[in-house]
Protein chains: 2
Amino acid sequence: MAGGRKFMTKSGIEIAKFLDKRESFASAQEIFLGLRAEGRNFGLATIYRALQSLTSTGEVDVLRRSDGEALYRKCGEDHHHHLICKGCGKTIEIEGVSVEEWAHTIAERHGFREIQHSAEIFGICPDCFTQAEPKRR
Amino acid sequence: MAGGRKFMTKSGIEIAKFLDKRESFASAQEIFLGLRAEGRNFGLATIYRALQSLTSTGEVDVLRRSDGEALYRKCGEDHHHHLICKGCGKTIEIEGVSVEEWAHTIAERHGFREIQHSAEIFGICPDCFTQAEPKRR
DNA sequence: AGCCATAGTGAGAATGATTATCAAAGTCAT
DNA sequence: ATGACTTTGATAATCATTCTCACTATGGCT
Ligand SMILES: [Mn+2]
Ligand SMILES: [Mn+2]
Ligand SMILES: [Zn+2]
Ligand SMILES: [Zn+2]
């Protein structure tokens, strides 16, 4: 299901590596600044291009922040959902057999085909709950 | 859970009525043009303001299109999810006891508090599947 | 009716993420 | 090295959303 691995440019590989080191979702702008902070300057266009390529193959997951900005994360190969801390952004990959069944059952009941679904959980992680200050954004 | 009904301006009521007549999600821009087509001109600022108020009370649901644009819909009072046709936009409100349980279980297992969740299903409705041409966008 | 305080409106400017341009720089087989 | 092709990135263009702020509508009061 993880689309045929696509060719990746030199920059694309760097950007994928950068995402690999992050545990949380990051926006294109954050990636841009994060790489720059490491001394490696890429153009924004290059970053957006790489991100487009990476998401099209499923190598990178994307979701939308409440303000509409797109967030990217390098994830596991297989289908999964996310548990995300609203405080620090910590992200845990989760499975959801019951969700898969639910989506399938509902869709079938209404005669829908070519089904997709989204399901994410947001909350405050234990660290952020005890600490006054969340670690990061 | 449906927040204390908030005061609504005259324009806000009109905009809520407009959404009431629609079965699908609509963007702010579509609402703007739709109202204009009915001869009633509202400023975009007014529409965005009303939408903000309506979503804050939970009277109107909001979700993000894949391109990031926000979509709004007048929905039922109680908590629910959506089954949305990718062809015509037809939207069906669905319940998901199993999803509620899943979210709760996962969150508890990882010690997360203040839980929220999102879960939507997308597909092609029977009408759009048989017809060559989807009705609307 | 006339006056005044306050809330609501909307044209237009500002913001900010994303995309489009396109010329310059890199790659690579011959 | 030459030429064909790909990649890059500074910059401009888009476009949804928010911000400004002068103007209008409303409602209480005399
Ligand atoms: Mn799933
Ligand atoms: Mn639910
Ligand atoms: Zn946290
Ligand atoms: Zn349909």
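Residue numbering restarts at 1 for every chain, and letters A, B, ... go by the order of the sequence lines.
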How many whole angstroms separate atom CZ of Phe42(A) from atom P of dA10(D)?
12 Å
Tell me which nucleotide among dC19(D), dT8(D), dT18(C) gets nearest to the side chain of Ala45(B).
dC19(D)
Consider the side chain of Arg49(A), meaning its heavy atoms from C-beta on, and name the nucleotide among dT17(D), dG9(D), dG10(C) that approaches it most closely.
dG9(D)
Taking Lys21(A) first and then Glu38(A), would you say they form a salt bridge - that is, a charged N and a carboxylate O separated by under 4.0 Å?
yes
Are His81(A) and His117(A) an aromatic pair, judged by ring center distance below 6.0 Å?
yes
From CE of Met8(B) over to C1' of dG8(C), roughly how many Å is that when rounded to an integer?
13 Å
Over how many whole Å does the gap from Phe32(B) atom CZ to dG12(C) atom P extend?
11 Å
Heavy atoms of other groups near His80(A) NE2, more than 12 under 6.0 Å:
yes
Please give, in whole Å, the distance from dT8(D) P to Arg40(A) CZ?
14 Å
Could you check Asn41(B) against Ala28(A) and say which one's nearest nucleotide on DNA chain C is further toward the 5' end?
Asn41(B)
Just to be sure I understand the rule, does Thr9(B) reach a base, reach only the sugar-phosphate, or reach nothing, if contact means heavy atoms closer than 4.0 Å?
sugar-phosphate
With DNA chain D as reference, determine whether Arg36(A) or Leu44(B) sits nearer its 5' end, using the nearest nucleotide of each.
Arg36(A)
Distance below 4.0 Å between Tyr48(A) side-chain N/O and dT18(C) OP1 or OP2
yes
Closest approach to the side chain of Arg64(B), judged atom by atom: which nucleotide of dT17(D), dG8(C), dG9(D) is it?
dT17(D)
If you check every side-chain atom of Lys10(B), which of dT8(D), dT9(C), dT26(D) has the closest atom?
dT26(D)
Just how far, in rounded Å, is P of dT9(C) from CD1 of Ile47(B)?
11 Å
Assign Asp67(A) to base, sugar-phosphate, or nothing according to its heavy-atom contacts below 4.0 angstrom with the strands shown.
nothing
Please work out if Ser11(B) contacts a base, only the sugar-phosphate, or nothing of the nucleic acid, heavy-atom cut-off 4.0 Å.
sugar-phosphate
Under 4.0 Å: is that the gap between some side-chain N or O of Thr46(A) and OP1 or OP2 of dT8(D)?
no
What integer distance in Å separates Leu51(A):CG from dT18(C):P?
9 Å
Expressed in angstrom and rounded to an integer, what is the separation of Glu69(A) atom CD from dC15(D) atom C1'?
15 Å
Ring center gap for His82(A) and Phe122(A) short of 6.0 angstrom
no
Salt bridge present between Asp20(A) and Lys74(A) (N-O < 4.0 angstrom)
yes
Separation of atom CD1 in Ile15(A) from atom C1' in dT7(D), rounded to whole Å
12 Å
